[in-house]
Amino acid sequence: MAPNLTLNERAGRLADHMANTAPALRVHVAQTADGARLIDCGIHAAGGLQAGLALARVCLAGQAEVSLAPGDVAGIPCPLVQVATDQPVLACLAAQYAGWQIKVEKFFALGSGPMRAHYGQEELYQHIPGREQAPLAVGSFETGKIPKDDVIRYLSDALQLPANKLTLLLAPASSMAGNLQVVARAVETALHKLHELQFDLAQVVSGFGTAPLPPVAADDLQAIGRTNDAILYGGRVVLWVDADSDAALAEVGAKVPSSASPDHGAPFAEVFARYEYDFYKIDPMLFSPAQVVFHNLRSGKSHAFGRLEPETLRRSFYGD
């Protein structure tokens with residue numbers, strides 16, 4: 001791709017490829033009355049592994065490689081979703097992070113993807129690079145509902161773009177594609193946790209992460225549990241940093257893994273039920289990978305924190 005493309009233009013080219021190969025990906029492409037393009041990856045469409053990989057790449061605006069690798073959970077074969085990026089902050093926070101709350105009448109979804117960078121109203125963009133003015137916008141909703149015309153009009157007004165310049169990719173977490181794209185967020189959760197800990201993200205040079213791909217859940221509530229557990233208890237992230245203080249890395253690093261939270265330990269479905277299914281009652285410091293490793297390029301030293309919890313994953317994925 002041309003080096004001067006915006007994040008949204010990069011994502012747009014990937015979305016174009018998805019639309020052009022829709023039958024092979026088992027996705028459905030449609031236009032709204034106002035001309036917005038909707039790519040259904042798992043609501044009415046079957047989707048699949050390749051659709052999930054493509055969806056994750058779009059959310060990352062083409063700034064990361066996403067692939068599947070062999071793995072296991074407590075001895076049971078289980079693919080790993082693998083993400084590698086040399087633009088970690090742009091890919092994972094400016095683009096992929098689901099930080100835009102979309103609420104129109106009865107429709108609610110968290111907006112992900114680089115359309116957020118064009119909108120640019122999240123407080124996060126005051127601390128990271130990536131805010132842009134693009135000629136088009138590409139985003140994703142984790143949802144089981146096709147957005148209606150009022151949602152498209154809301155987005156068009158918020159983005160100050162005509163609807164025919166908008167592409168939305170759609171999939172619930174309880175679909176093959178939606179399941180995969182959620183689990184492709186191990187690096188994102190590590191970076192967001194570091195941001196919350198007031199770590200200077202400009203020091204993060206590259207990122208690599210894996211998390212086990214759960215069995216597709218029967219409903220969205222079960223899917224929320226399994227996909228969160230994949231990262232909280234099975235996510236492994238390696239960050240290459242250019243830091244002047246190994247002591248500071250050691251101090252912040254111990255706070256990054258999910259095990260640093262008092263809510264760590266039980267499968268997420270149990271934690272969620274304990275707090276009466278209110279995300280905002282859960283300790284926000286829980287949402288991070290099980291293990292994080294820092295390689296300090298300046299000193300040549302490495303720092304590892306956290307641990308995997310394969311038995312918790314086995315309970316979550318396969319039952320007792």
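What you see is a predicted model, and the numbers here were worked out from it, not measured in a lab. The figures that follow rest on heavy atoms only: side chains count, while hydrogens, waters and symmetry mates do not.
Residue pairs meeting the side chain to side chain donor-acceptor pair (under 3.5 Å) criterion with at least one member in residues 261-271, sequence neighbours excluded: Ser261-Asp283, Asp263-Tyr275, Glu270-Arg315. For residues 24-43, the set of pairs meeting the salt bridge (Lys or Arg N to Asp or Glu O under 4.0 Å) definition, not counting sequence neighbours, comprises Asp16-Arg37. Residue pairs meeting the side chain to side chain donor-acceptor pair (under 3.5 Å) criterion with at least one member in residues 92-105, sequence neighbours excluded: Tyr97-His192, Gln101-Tyr280. Judged as a salt bridge (Lys or Arg N to Asp or Glu O under 4.0 Å), the pairs with a partner in residues 230-247 (not counting sequence neighbours) are, in order, Asp242-Arg298. Note on residues 197-220: no pairs pass salt bridge (Lys or Arg N to Asp or Glu O under 4.0 Å), not counting sequence neighbours. The salt bridge (Lys or Arg N to Asp or Glu O under 4.0 Å) analysis of residues 178-189, with sequence neighbours excluded, yields the pairs Arg185-Glu188.
When side chains are defined from C-beta on, Phe208 counts as touching Gln82, because their heavy atoms get closer than 4.5 Å. Tyr154 places none of its side-chain heavy atoms less than 4.5 Å from the side chain of Phe107. By the 4.5 Å heavy-atom criterion applied to side chains, Leu168 and Pro147 are counted as neighbours. Within the 4.5 Å cutoff, the side chain of Leu38 has heavy atoms near those of the Ile152 side chain. Side-chain contact between Phe294 and Leu194 is present, with at least one heavy-atom pair separated by less than 4.5 Å.
A distance-only check finds no donor-acceptor pair linking the side chain of Lys165 to the backbone of Ser156 [under 3.5 Å]. Formation of a donor-acceptor pair under 3.5 Å by the Ser288 side chain with backbone atoms of Val256 is found in this model. Tyr233 contributes a side-chain N or O that, together with a main-chain N or O of Ala266, makes up a donor-acceptor pair within less than 3.5 Å. A donor-acceptor contact shorter than 3.5 Å is absent between the side chain of Arg57 and the backbone of Gly62. No donor-acceptor pair under 3.5 Å is formed between the side chain of Lys193 and the backbone N or O of Phe287. Distance alone, capped at 3.5 Å, is enough to place a donor-acceptor pair between the Ser245 side chain and the Ala248 backbone. Using modelled atom types, no side-chain atom of Arg10 and backbone atom of Gln63 make a donor-acceptor pair closer than 3.5 Å. Judged by distance alone, the side chain of Thr85 and the main-chain N or O of Ala64 form no donor-acceptor pair under 3.5 Å. Between the side chain of Glu9 and the main chain of Leu5, no donor-acceptor pair closer than 3.5 Å is present.
Between Ser258 and Leu232 the shortest heavy-atom distance is OG-O, 2.6 Å. Closest approach of Phe317 to Cys78, counting heavy atoms only: CE2-SG, 4.2 Å. Scanning all heavy atoms of the two residues, the minimum distance from Val73 to Pro310 falls at CG1-O, 4.0 Å. Between Ala186 and Thr210, the shortest heavy-atom contact is CB-O, 4.0 Å. Across all non-hydrogen atoms, the minimal contact from Pro212 to Pro214 is O-CD, 3.3 Å.
Residue Phe108 shares its hydrophobic cluster (ILVMFWY side chains chained together at separations under 4.5 Å) with Leu110. Grouping Ile, Leu, Val, Met, Phe, Trp and Tyr residues whose side-chain heavy atoms lie under 4.5 Å apart, directly or via other members, places Leu68 in a hydrophobic cluster with Leu49, Leu53, Leu60, Val66, Val81, Val83, Met176, Leu180, Val183, Leu213, Val216.
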Next item on the list: Run the numbers on Ile224 and Phe279 for side chain to side chain contact (heavy atoms under 4.5 Å, CB included), then give the verdict.
Entry: CA-CA 11 Å; Ile224 289 171; Phe279 266 109; 3.8 Å; yes

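The existence of a salt bridge linking Glu311 and Arg314 is confirmed by a sub-4.0 Å separation between a basic side-chain nitrogen and an acidic carboxylate oxygen.
Residues passing the ring pair (Phe, Tyr, Trp, His ring centres under 6.0 Å) test with Phe199: none are found, sequence neighbours excluded. Applying the ring pair (Phe, Tyr, Trp, His ring centres under 6.0 Å) test to His195 and every residue at least two apart in sequence or in another chain returns His127. Every residue meeting the side chain to side chain donor-acceptor pair (under 3.5 Å) condition with Glu276, not counting sequence neighbours, appears here in chain and number order: Lys281.
Taking a 6.0 Å sphere around CD of Glu196, one finds it holds more than 12 heavy atoms contributed by other residues, nucleotides or ligands. Crowding of Glu123 atom CD: a count of heavy atoms from other residues, nucleotides or ligands under 6.0 Å exceeding 12.
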Going by atom type alone, with no hydrogens or angles, which donor-acceptor pairs under 3.5 Å involve a side-chain atom of residues 129-146 and a protein atom two or more places apart or on another chain?
unit_1: Arg131; atom_1: NE; unit_2: Gly120; atom_2: O; d: 3.0
unit_1: Arg131; atom_1: NH2; unit_2: Gly120; atom_2: O; d: 2.9
unit_1: Glu132; atom_1: OE1; unit_2: Leu7; atom_2: N; d: 3.0
unit_1: Glu132; atom_1: OE2; unit_2: Leu7; atom_2: N; d: 3.4
unit_1: Glu132; atom_1: OE2; unit_2: Asn8; atom_2: N; d: 3.0
unit_1: Glu132; atom_1: OE2; unit_2: Asn8; atom_2: ND2; d: 2.7
unit_1: Ser140; atom_1: OG; unit_2: Leu169; atom_2: O; d: 3.3
unit_1: Thr143; atom_1: OG1; unit_2: Lys145; atom_2: N; d: 3.0
unit_1: Thr143; atom_1: OG1; unit_2: Lys145; atom_2: O; d: 3.4

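Under a hydrophobic-cluster definition in which Ile, Leu, Val, Met, Phe, Trp and Tyr are linked whenever side-chain heavy atoms come within less than 4.5 Å, directly or via other members, Leu191 and Val241 are assigned to the same cluster.
We find the CG-OG distance between Asn179 and Ser174 to be 9.0 Å, quoted to the nearest 0.5 Å.
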